[in-house]
Asks: 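Attaching a single structure in structure tokens format; questions to follow.
So you know, we letter chains A, B, ... as the sequences are listed, proteins then strands, and number each from 1.
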Amino acid sequence: MTDASENTGPMLAADGTPLKQSLARSLRRQKLRALMLVAPLLLFVMFSFIVPIASMLFRSVENSIVQETLPLTVEALQNWDESSGELPDEAVYDAFVRDMVVAVDNKTHTRLGSRLNYEETGMSSMFRRSGRKMGKLDPETDGPFKDQVIEIHDGWGEPKTWAVIKTHSPAVTNGYFLNAVDMRRTPEGAQAQPEDKQILIKLFGRTLFMSLVITASCILLAYPVSYLLATLPMRVSNLLMILVLLPFWTSLLVRTSAWKVMLQQQGVINETLVWLGLVADDARLVIINNQFGTIIAMTHILLPFMILPMYSVMQTIPESYTRAAKSMGATNWTTFWRIYFPQSIPGIGAGSILVFILAIGYYITPEIVGGTKGVFISNRIAYHISSSLNWGLAAALGTILLAVVLLLYWVYDKIVGIDNVKLG
Amino acid sequence: MTETKNDAAFVEFQRVQKSYDGENLVVKDLNLAMPKGEFLTMLGPSGSGKTTCLMMLAGFETATHGEILLDGRPINNIPPHKRGIGMVFQNYALFPHMTVAENLSFPLEVRKLGKSEREAKVQRALDMVQMGAFGGRRPAQLSGGQQQRIALARALVFEPELVLMDEPLGALDKQLREHMQFEITRLAHELGITTVYVTHDQTEALTMSDRVAVFDDGRIQQLAPPDQLYEEPENSFVAQFIGENNTLEGTVKSIDGDACLIALDDGSEIDAVPINVSQPGERTKVSIRPERVEFNKDRLHADAHTLKATVKEFIYMGDVFRFRMSVAGNDEFIVKTRNAPDAVRLKPGQEIEIGWLAKDCRALDA
Ligand SMILES: Nc1ncnc2c1ncn2[C@@H]1O[C@H](COP(=O)(O)OP(=O)(O)OP(=O)(O)O)[C@@H](O)[C@H]1O
Ligand SMILES: [Mg+2]
């Protein structure tokens with residue numbers, strides 16, 4: 001600020017209002033207009049993206065069902081020491097019967113059973129089977145209950161059962177996350193799952209590994225194609241571009257099924273190889289329903305997402321750079337490696353991020369061609385959502401997947417720099 | 001375009017033709033011979049084929065027909081990277097992912113020079129363009145003029161014998177431009193480099209070059225040293241294109257050796273030197289430079305033909321006065337006179353007589 005303006009106070013606009021104020025007023029209208037323009041999308045994103053993600057994050061830790069269904073039992077269990085190895089006392093059984101009578105009335109005891117079944121197999125049937133008989137008890141007159149309850153199902157006579165209920169009674173739990181990384185919540189704290197149940201970490205690892213392989217093979221295949229597209233005359237490259245985009249116009253399911261036809265043991269590739277005599281008839285290649293099949297099919301499906309950003313970056317590299325390099329005496333290879341390639345890296349980066357992130361959450365293709373060995377973590381999530389109905393675990397897995405992607409994005413930004421990523 | 005066929009020609013175009021699409025010739029019958037160390041400028045309007053010629057010489061386009069010789073050897077079959085030609089591109093083409101020093105070091109690296117030698121040469125080249133302190137910067141952190149100088153240094157750092165420059169000063173402001181013009185000619189002469197320089201700025205061409213090739217329509221219209229080009233244009237395109245020019249149209253009345261009489265369209269007659277006219281009755285465009293027009297009777301020959309002129313406008317330009325006059329039906333006739341102590345300031349509307357020496361008035365093609 002100069003002295004003059006300090007002396008005369010705030011700057012005034014032509015009509016005498018302070019300049020700042022009238023500027024703010026004129027900007028406010030602009031902002032309002034901008035807001036109205038994006039409002040529909042904002043609302044859409046809000047309801048289709050932010051709310052579902054928030055609810056997913058919430059579901060992965062939410063665990064109020066135990067407290068809500070067995071409020072008295074949970075309270076009574078506070079006084080029981082699960083490490084003592086002894087059964088809880090009559091107070092707990094009494095509270096349990098009172099809770100169950102209400103639960104059976106509301107038919108919520110089976111849901112609790114399924115919930116606890118994730119933690120300890122057998123809990124679901126225990127609740128289902130005991131439900132009818134326990135519902136008939138009268139808490140006021142039929143006591144004491146301890147022996148009666150154990151009579152109904154001897155599972156209630158095991159301290160472990162009560163330990164499971166107590167361990168999973170808090171309304172907010174880390175149990176799902178522990179499950180997601182092949183661990184579980186026990187009275188003694190977090191512990192590893194038994195060997196035979198440890199599959200999720202392996203699945204995460206496989207998903208990451210296969211996504212990397214798919215990304216790498218996309219880079220290898222897409223680079224020469226994009227280079228060709230970017231260097232050919234516009235007329236020709238537009239024509240070839242159609243070929244690149246063609247897969248987008250075919251249904252994903254159709255394409256994936258086509259791979260099934262191609263790759264199966266009686267499929268086109270095997271038949272051809274056998275016919276050529278390259279492969280014996282009784283030793284046909286197994287190239288589907290395993291990781292190999294998934295990698296092939298997904299590389300093909302994700303290839304356009306690599307080609308498009310690469311192409312648009314390469315298109316902006318002026319020919320004069322390569323010409324300059326050659327005029328200075330660089331061979332074709334040196335020109336490519338020292339001049340062209342470094343400038344095309346942003347395209348590789350953008351394509352890789354796109355393909356990798358798409359791959360890591362891919363579902364339909366691994367499902368169809370992946371068999372059991374070629375499935376991804378997303379297939380597991382789908383299983384928990386639609387078959388086992390363990391939504392909490394599905395949400396935890398989804399949250400971890402999201403976190404991994406964000407982490408990789410952050411690492412990528414640190415190493416390559418996200419501003420180096422250009423889509424065109 | 002008669003060339004002095006020089007056996008020692010360093011760069012030579014022989015009957016070169018070029019077509020991109022197989023339908024139109026962009027370059028039609030180009031013949032050009034440059035001795036070593038010459039600074040030659042290709043000057044011409046946009047689309048006249050200048051860049052195309054440069055690209056053929058550098059090896060990025062192939063001639064459709066004809067031969068290009070470098071130091072007596074045909075180069076049509078030598079790949080670009082073996083030609084050893086330094087190039088400055090119109091858009092500089094500095095590699096954005098390398099620092100300035102790395103840019104300069106690149107041609108030395110591909111020549112497998114040792115590290116210390118490279119560093120010494122890079123520093124020398126940077127100092128040469130007064131950019132010694134900028135080696136660590138990226139091209140994007142330099143101003144247009146600085147980038148220009150780096151591009152120049154990069155084209156010279158590996159000591160090529162031939163340097164091609166394609167409108168290298170196109171993006172610079174006037175002052176920097178003039179400074180760089182001076183720098184480039186100084187360096188070219190100091191280092192004894194043969195230079196082909198492309199521009200469509202005629203002042204640049206005149207001030208920098210040993211010889212200028214005026215391009216139009218895929219042909220060299222005239223190839224001559226600047227003074228000759230300006231004072232003795234060989235056709236009306238060159239006369240119009242180079243410098244300011246007055247044109248009067250008329251018919252040849254008589255020719256007598258190196259003098260002729262032209263009847264202008266309004267009936268008046270003037271003397272001229274016949275350049276592109278050979279017989280009476282031919283149509284012609286007569287060209288006179290504005291500064292060669294005289295309206296002070298005492299300075300003209302007694303028997304010189306004069307024309308009537310009406311002053312339309314007086315423009316004061318500081319060092320010169322510029323008058324726009326109406327002469328023989330041409331309202332855009334320009335006369336320039338130096339702002340000397342005795343200079344006359346004509347007023348608009350004033351009627352005067354103007355004239356010139358017959359040798360300054362050239363009868364060219366119509
Ligand atoms: N790659 C190309 N393909 C087809 N035609 C081209 C190509 N390059 C140039 N031309 C055509 O050749 C002609 C001459 O082009 P050139 O670039 O040599 O002109 P120029 O004299 O350098 O013009 P400017 O002063 O505008 O740079 C133009 O008509 C142009 O359209
Ligand atoms: Mg050009």
Asks: Measure distances from B:Phe60 to the heavy atoms of chain A and classify the residue's part below 4.5 Å as side chain, backbone, both or neither.
Replies: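 Both backbone and side chain.
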Asks: Just wondering, more than 12 heavy atoms not from A:Tyr409 lying within 6.0 Å of its OH?
Replies: no
Asks: For A:Ser320 versus B:Asn91, what's the shortest heavy-atom pair and its separation?
Replies: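 Heavy atoms only, the tightest pair is OG-ND2, 3.3 Å.
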Asks: Has B:Phe182 got more than 12 heavy atoms of other residues, nucleotides or ligands less than 6.0 Å from its CZ?
Replies: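 No, because the 6.0 Å sphere around CZ of B:Phe182 holds 12 heavy atoms or fewer from other groups.
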Asks: Who among B:Ala155, B:Gly84, B:Ala93 has the most heavy-atom pairs with chain A under 4.5 Å?
Replies: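 Option with the greatest count: B:Ala93.
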Asks: Indicate the atoms forming the closest heavy-atom contact of B:Phe106 with A:Ala325, along with that distance.
Replies: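 Scanning both residues, the minimum pair turns out to be CE2-CB, 3.8 Å.
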Asks: Is the shortest side-chain heavy-atom distance between B:His81 and A:Ser327 below 4.5 Å?
Replies: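 Not touching, per the 4.5 Å side-chain cut-off.
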Asks: Counting heavy-atom pairs under 4.5 Å with chain A, which one of B:Glu109, B:His97, B:Met87 comes out on top?
Replies: B:His97
Asks: Please look at B:Arg83 and chain A and tell me whether the side chain, the backbone, both or neither of the residue comes under 4.5 angstrom of a heavy atom of that chain.
Replies: neither
Asks: What do the steps show when you test A:Met328 against B:Leu108 for side chain to side chain contact (heavy atoms under 4.5 Å, CB included), and what is the final call?
Replies: CA-CA 8 Å; A:Met328 286 183 265; B:Leu108 305 176; over 6 Å; no
Asks: Counting C-beta onward and ignoring hydrogens, is there a side-chain heavy-atom pair between B:Pro96 and A:Tyr321 closer than 4.5 Å?
Replies: yes
Asks: For B:Glu67, does the CD atom have more than 12 heavy-atom neighbours from other residues, nucleotides or ligands under 6.0 Å away?
Replies: yes
Asks: Could A:Arg338 and B:Glu102 be called an ion pair, given the rule that one side-chain N must be under 4.0 Å from one carboxylate O?
Replies: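 The answer is no: the pair does not qualify as a salt bridge.
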Asks: Any idea which of A:Pro318, A:Pro342, A:Ala330 has the most non-hydrogen atom pairs under 4.5 angstrom with chain B?
Replies: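 Highest number of heavy-atom pairs under 4.5 Å: A:Ala330.
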Asks: With a 6.0 Å cut-off (strictly less than), is the heavy-atom count around OH of A:Tyr340, excluding the residue itself, greater than 12?
Replies: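 Atom OH in A:Tyr340 is crowded, with more than 12 foreign heavy atoms closer than 6.0 Å.
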